[in-house]
Amino acid sequence: MPDSTTIPVRLGDRTYEVAIGRDLLAQAAARVSDALGYTPTKTLVVADTGARPHVDRVMDSLSQAGIEAHRIDITPAERTKTIATFACVLEAAASAGLERTNPIIAVGGGIVGDVAGFAASAYRRGVPSVVCPTTLLSMVDASVGGKTGVNLTCPTGGLIKNMAGAFHQPSLVLADLLTLTTLDARHLTSGLAECVKHAMLSADHGDPGALEWLRLHADALAQLEPAAMDSLVTRSVQLKARVVEHDERELAAAGSAHGRATLNLGHTFAHAIEPIEHLSPTGKPGDVPLHHGEAVGLGLIAACATAAITGLCDPSYGDSVSSLLTHLGLPIRIAGLPDNAELRARMLSDKKVAQGAIRLVLPTAPGSARLIDDCPAEAIDAGWDRIRA
Ligand code: GLY
């Protein structure tokens with residue numbers, strides 16, 4: 001089998017490995033069998049319509065190994081990440097006659113991984129799942145840690161992201177770096193924003209040099225240099241694995257620097273603007289809407305500004321994060337935002353709300369952050385003002 005770096009996610013009897021390397025999808029069948037400890041008779045592949053060549057490699061590998069591989073295609077969009085799509089995956093598993101030992105395999109980005117994982121958690125009250133992430137964003141974040149789910153529609157017609165779901169750890173994550181070579185520039189830079197977020201938490205998880213490493217390698221990453229990309233994915237997955245091992249179900253108390261909730265750094269801001277369909281990262285109407293990572297990058301800058309005004313961190317930290325994000329090709333301001341009161345109201349519909357108050361993860365120093373429950377409205381507004389074009 002081709003070389004790979006293996007990062008364990010140590011969770012007792014739910015321990016699994018994230019394999020990172022090149023051309024791993026061609027070996028999917030053997031790696032799935034190794035991870036499960038048996039060769040499954042059949043499987044359902046939940047396929048991202050945006051990742052067809054990668055899906056084909058997985059299907060070929062499974063059929064060559066004599067595994068009966070059924071397939072359901074999903075269009076990756078927040079609007080399709082619904083209970084209805086979840087039900088379609090369950091029904092596809094039932095029609096294929098999947099049994100308790102037969103895995104559901106997701107091949108694609110985070111949306112497909114989340115829906116497939118949720119279906120795996122529910123079908124026959126739980127079957128194994130395997131995730132083959134094909135975007136940088138899903139490789140370094142969504143595929144690791146077992147959060148699965150779908151969006152719900154709220155009474156006003158808007159979406160509440162990931163409002164229904166389950167913790168269901170995969171049996172294996174196969175992160176094939178070759179898949180990144182077919183990603184378009186926007187999807188790649190979006191993924192880089194989550195890597196910056198991880199680096200902004202890294203000192204709390206034993207990797208104080210991650211932010212500086214990103215700064216030094218920003219050019220190489222923007223050019224997709226293979227060695228830099230390999231190190232980036234490995235380092236980012238390592239951080240995610242450590243956080244999940246520490247607080248798998250996101251139960252750590254507010255104020256903890258090690259809780260899984262700290263991974264939401266930038267996300268409460270991001271989730272408030274991501275569903276606004278007219279927002280464009282470039283100002284060009286053809287570029288609407290924002291991608292998740294673009295919204296996260298903006299959210300990181302807003303979080304720095306909010307933290308600075310409350311005295312939690314030095315104002316210069318936000319400047320250095322902005323300059324890093326610019327270097328990586330991400331937007332640092334956005335035109336067309338609603339007013340601050342509406343943005344705060346949107347933040348209140350985020351599922352991270354605690355007892356009616358906005359819960360924010362705010363940076364305290366380079367590489368460190370804390371969960372804060374009682375952030376004043378004026379400080380949140382300072383965050384929004386910082387990214388308003
Ligand atoms: N993406 C946040 C988490 O996995 O907890």
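All values below were derived from every heavy atom in this structure, side-chain atoms included, with hydrogens, water molecules and symmetry-related copies excluded. One-based numbering, in listed order, for ligands and for the atoms of each.
- Any N or O atom pair closer than 3.5 Å counts here, and K147 shares at least one such pair with ligand 1.
- The environment of I309 atom CD1 is sparse: at most 12 non-hydrogen atoms of other residues, nucleotides or ligands sit within 6.0 angstrom.
- T82 and T85 are linked by a side-chain donor-acceptor pair at a separation below 3.5 angstrom, with hydrogens and angles left out of the test.
- Salt bridge present: R71 and D56 bring a charged side-chain N and a carboxylate O closer than 4.0 Å.
- Ionic pairing of R242 and D207 is not present here: no N-O contact between side-chain nitrogen and carboxylate oxygen is shorter than 4.0 angstrom.
- Heavy-atom proximity to atom 4 (O) of ligand 1, evaluated over K240, E194, K197, is greatest for K240.
- The nearest non-hydrogen atom to atom 1 (N) of ligand 1, considering only L263, V140, L137, D141, comes from D141.
- Between F167 and K147, the shortest heavy-atom contact is CE2-CG, 3.8 Å.
- Ligand 1 lies out of reach of H267, whose nearest heavy atom is not under 4.0 Å from it.
- When hydrogens are left out, the protein atom nearest atom 5 (O) of ligand 1 is R260 NE, 2.7 Å; that is the closest non-hydrogen contact.
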